[in-house]
Each structure stands twice: as C-alpha cells, then as structure tokens.
Amino acid sequence: MKDIVLVTGGAGFIGSNFVLDWISESRGTLVNLDKLTYAGNLRNLAALENDPRHIFVRGDIADTLLVQQLLSQWQPRAIINFAAESHVDRSIHGPQDFVHTNINGTFRLLEATRAYYASVSEKDRRTFRFLHVSTDEVYGSLGPNDPAFTEKSPYAPSSPYAASKAASDHLVRAYHHTYGLPTLITNCSNNYGPYQFPEKLIPLMISNAVKGKPLPVYGDGQNIRDWLYVGDHCSAIRLALERGRVGETYNVGGNSETTNLEVVNSICRILDELQPRDFGARHASLIKLIQDRPGHDRRYAIDASKIRNELGWQPGHRFDLALGDTIRWYLRQMSWVENVISGEYRNWMELNYGQQVAT
Ligand code: NAD
Ligand code: TYD
C-alpha cells in the first residue's frame, strides 16, 4: 500500500491541526473528506493550497457511494475519523445532526471500510488501521473525589452529543470484535489551541473579552475540565495509529484539571497584560455567571497512564504556557475569528445566550 491516509473532518478544529502536522511531518498523501458544515473552514488549510499531497474532497461520511469511490481510488493505508458534530450546546438545541453524522455517518463509514478491507491483499490487511477519534464525555460526570476515567470506566453519556459519540464508539468496537476490522479508539479531554471555532469556551472568551463583551460562564463556574493542547492530541493520535494495539482504546488527557472560572480568569489576566482595556479596567469584570447548561457534567478527568506506559506518550505542553500562546495566536488572527463569526454563528449566539450577550 502506498503512504496514503484518509482523514475525515479535516477542515475542523482538531482535524485541520492534524492535517497541517501530518503534511509537515510525513511524506505521504492525505485525502481530506469534509462536509464543510458551519464548523469546517478551508481557511485553516490555506497553507496547503498548492500542496499536491493534500487532496480535499467536500462530502459527507454518510455518503456511501462517495466513500466507496474514494477508498477504491486512493487505497489508503489508514482512515482517521474526526468528522462529527462536536458542540454539546448545539446537541441540546438540536440533536438530529448529531445522530446523522456521529451515529449514522460512523456506521456508514465503517460499512464502506469493511468492504474495502475485505478487498485488499492479506499483506495490506496486516497494516491497515481505522482510528476513531472520540471524547472523554462518553464516560459521564465525576464527583470531586472520584478517580479519573480509565479505558475501563463504564460508559454513561449525559448529553445528546456524548450519547452519539458513545454510540459511535460501540459501533467501532463491534466492527473489531465481529468483523476483525483493525480499529483503534482514542478518547480525549477538552482540546484548545489554534483554529478552534469560537463557540467553545476558550476561543469564545478570548473573542468576547477583546471586544469588551460579557463572558458568559454557566452555573457557578465550578465545573472541571481537563485541558489538552491540540498539538499534544495530534501527536497521541499519530502514535496510536503507528504503534497502538489493534482493537484497543487509549485515553488521552492534558493533566490539567481546571474549573471553568479559573480558565476564564486566566484568560482575563493574560489579556490584561497583552491587551489592556481602557482606564485600567480588568477583563475579569466582564465575567457573568449565567443560567447553567441543562444536564451539565460536573467534572471530567483522564487517566492517561495506558498510552503513557504502552506508547510512551505524554502531554508536552503546560496549560498556563500553551494558553498564553493560544491567546497570542487568536490576537494575531482576529481576522480569522471575524471571518468565522458570520451568519449562522450569530444566529446561534442569539439562540443559546438570548439577550444576555447577543448585544
Ligand atoms: P469541529 O466541530 O471543529 O469539526 C468537525 C469537522 O467535521 C468539521 O470540519 C465539519 O465540517 C466536519 N463534518 C461534520 N459532519 C460531517 C459529515 N457528516 N461528513 C464529513 N465531515 C463532517 O470538531 P473538533 O473539535 O475538531 O473535533 C474533532 C473530533 O474530536 C470529533 O469527533 C469530536 O467528537 C472529537 N473531540 C473533540 C474534542 C474537543 O475538545 N474539541 C474533545 C474530545 C473529542
Ligand atoms: P465547551 O467548550 O462547550 O466543551 P464541553 O462542553 O465539550 O466540555 O465547554 C467547556 C466548559 O465550559 C463546559 O463546562 C461548559 C462551559 N462553558 C461556559 O461556562 N460558557 C460558555 O459559553 C461555554 C461555551 C462553555
């Protein structure tokens, strides 16, 4: 098999970071299948515009004919499935797209992959991999003193998003157990870094703060997430793909449990230094506690000892330092943010936050 991989969802936040890293670190060709929903943005990949090793195809992972055609044309040695609807709040307002892409889409992608896998030579079957990118949210919520999620933690998804990802994980696992498809699953914690759509906590707070807009923190702001720098996540995926044990799941975390209020206060402190407000006003004065998200999980924490012990992976970035770098990136790329904050996104702000921030 030639060194060709098929990436799905490669125009989204994590996918585009992965594609950029992959092209700069390997010699092979990458076929990028993305539907370009509101979350997909080809500007993220502008640096690859004239690079013949990046083949972009606009399309849906649920489009069986298209996926079959791509697999037979390119004969990839691996498929890395990032494509998903990924925002919890959107899944609360409208779960249908989550069922379409995360459940049906993954199912159809698996079916096409199964047929493709059966068609390649025995030698190629030995090296082929299907890696499914998933989330820690499938494990549900932890109490303050509970041990962190391991790969053996029971699935207990709370939101429609988490439930749809859990369903996709089960399908992937079943295709390994039933059909022998050489799958891998990675379940990671909250990512942050360049190119994240400004509906998620960190880019939303940066984008609002620089405009002097309210910073909407849900509930009491004491919910805990474990923050993972996107570049570290991409290196974990590459390692799992090359050296992970077939059929296994690997948890990937940043070792950085932090409450939402701490995250937002850190962003405000860094912005006070980088871009002071008029008359010495503090960015933190923009923080506003608002009505909680329905079913809001209290705490996520990842035990990443399996991937550390088996594959030697650990996060290379410290949250406080990489958060500063991320903020500097967004300040340099405000035109990217503005370009993203258009049409559909504005409607979304009004639906989710109503009058509270949609000024
Ligand atoms: P994202 O929403 O930024 O990007 C998703 C991408 O998938 C977009 O480019 C979109 O156009 C594409 N897409 C959506 N539906 C599609 C379909 N039917 N066919 C083809 N393409 C489609 O998401 P992200 O934050 O980059 O997340 C990538 C993956 O990582 C997802 O599977 C998500 O569940 C998982 N994950 C994300 C995080 C996080 O913190 N962002 C944490 C854990 C797991
Ligand atoms: P988010 O970035 O949506 O990721 P997830 O829900 O997948 O963890 O949210 C991260 C945390 O920040 C989560 O506890 C919800 C909270 N949050 C707010 O307090 N305000 C906001 O406006 C958003 C988008 C999130």
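Indexing begins at 1, ligand by ligand and atom by atom, following the structure's order.
In summary, the atoms of ligand 1 found under 4.0 Å from a heavy atom of Asn190, numbered by their order in the structure, are 40 (O). Every atom of ligand 2 with a heavy atom of Pro216 under 4.0 Å away is listed here by number and element: 18 (C), 19 (O), 20 (N), 21 (C), 22 (O). Taking every heavy atom of Val217 and a limit of under 4.0 angstrom, the matching atoms of ligand 2 come to 19 (O). Taking every heavy atom of Leu204 and a limit of under 4.0 angstrom, the matching atoms of ligand 2 come to 22 (O). Atoms of ligand 1 found under 4.0 Å from any heavy atom of Asp60, numbered from 1 in the order shown, are 17 (C), 18 (N), 19 (N). Taking every non-hydrogen atom of Ala83 and a distance limit under 4.0 Å, the qualifying atoms of ligand 1 come out as 7 (O), 20 (C), 21 (N), 22 (C). Per-residue contacts place His87 under 4.0 angstrom from the following atoms of ligand 2 (heavy atoms of the residue considered): 3 (O). Ligand 1 places these atoms under 4.0 Å from at least one heavy atom of Gly59: 19 (N), 20 (C). Each of the atoms 11 (O) of ligand 1 lies under 4.0 Å from some heavy atom of Leu36. Ligand 1 places these atoms under 4.0 Å from at least one heavy atom of Ser134: 43 (C), 44 (C). Close contacts of ligand 1 with Thr37, meaning ligand atoms under 4.0 Å from a residue heavy atom, involve 10 (C), 11 (O), 14 (C), 15 (N).
Counting heavy atoms under 4.0 Å from ligand 1, residue Asn81 does not touch it at all. Proximity of Lys165 to ligand 1, defined as any heavy-atom pair under 4.0 Å, is confined to the side chain (atoms from C-beta onward).
Shortest contact from atom 25 (C) of ligand 2 to any protein heavy atom: Tyr218 CE1, 3.6 Å. The protein non-hydrogen atom at the shortest distance from atom 2 (O) of ligand 2 is Leu201 N, 2.9 Å. The nearest protein atom to atom 22 (O) of ligand 2, hydrogens excluded, is given as Tyr353 OH, 2.7 Å; this is a heavy-atom distance. Here the heavy atom of the protein found nearest to atom 12 (O) of ligand 2 is Asn260 ND2, 3.3 Å. Scanning all protein heavy atoms for the shortest distance to atom 21 (N) of ligand 1 gives Lys35 N, 3.0 Å. Remark: minimum distance from atom 23 (O) of ligand 1 to any protein heavy atom is reached at Ser86 OG, 3.2 Å. The closest protein non-hydrogen atom to atom 9 (O) of ligand 2 is Arg293 NH2, 3.9 Å. Residue, atom and distance of the protein heavy atom nearest to atom 42 (C) of ligand 1 are Ser189 O, 3.4 Å. Cys188 SG, 3.2 Å is the protein heavy atom nearest to atom 43 (C) of ligand 1. Shortest contact from atom 7 (O) of ligand 2 to any protein heavy atom: Glu137 OE2, 2.5 Å. Looking from atom 24 (C) of ligand 2 to the surrounding protein, the closest heavy atom is Glu199 O, 3.2 Å. Nearest to atom 19 (N) of ligand 1 among the protein's heavy atoms is Ile61 N, 3.0 Å. The protein non-hydrogen atom at the shortest distance from atom 9 (O) of ligand 1 is Asp34 OD2, 2.6 Å. Ile14 N, 2.8 Å is the protein heavy atom nearest to atom 26 (O) of ligand 1. Nearest to atom 28 (C) of ligand 1 among the protein's heavy atoms is Phe82 O, 3.5 Å. Ranking protein heavy atoms by distance to atom 15 (C) of ligand 2, first place goes to His296 NE2, 3.4 Å.
To the nearest 0.5 Å, atoms OG (Ser256) and CG (Asp232) are separated by 9.0 Å.
The pair Arg114-Glu111 meets the salt-bridge criterion, since a charged nitrogen lies less than 4.0 angstrom from a carboxylate oxygen. A salt bridge links Arg77 to Glu242: at least one charged side-chain nitrogen sits closer than 4.0 Å to a carboxylate oxygen.
In this structure, Ile61 is not a member of the same hydrophobic cluster as Phe13, with clusters built from ILVMFWY side-chain heavy atoms closer than 4.5 Å.
Among the candidates Thr249, Asp169, Thr135, the single residue satisfying the side-chain hydrogen bond (donor to acceptor under 3.5 Å, both in side chains) test with Asn187 is Asp169. Each of Asn190, Val252, Asn251 was checked for a side-chain contact (heavy atoms from CB on, under 4.5 Å) with Ile302, and the lone residue meeting it is Asn251.
Of the N and O atoms on the side chains of Thr106 and His132, not one donor lies less than 3.5 Å from an acceptor on the other residue. Judged purely by distance below 3.5 Å, without hydrogens or angles, the side chains of Asn17 and His233 never pair a donor atom with an acceptor atom.
Between Phe149 and Gly140, the closest heavy-atom pair is CZ-O, 3.1 Å. When all heavy atoms of Pro216 and Leu204 are compared, the pair lying nearest together is CG-CD2, 4.3 Å.
Note on ring orientation: taking the six-membered ring where Trp is involved, the planes of Trp336 and Tyr195 are perpendicular (angle over 60°, cut-offs 30° and 60°).
At least one donor-acceptor pair under 3.5 Å links the side chain of Asp226 to the backbone N or O of Asn255.
For Ala62, the closest heavy-atom approach to ligand 1 does not fall below 4.0 Å.
Annotation: side chain of Gln75 is in contact with side chain of Val120 (closest heavy-atom distance under 4.5 Å).
Residue nearest to atom 36 (N) of ligand 1, selected from Tyr38, Tyr161, Phe98: Tyr161 (by heavy-atom distance).
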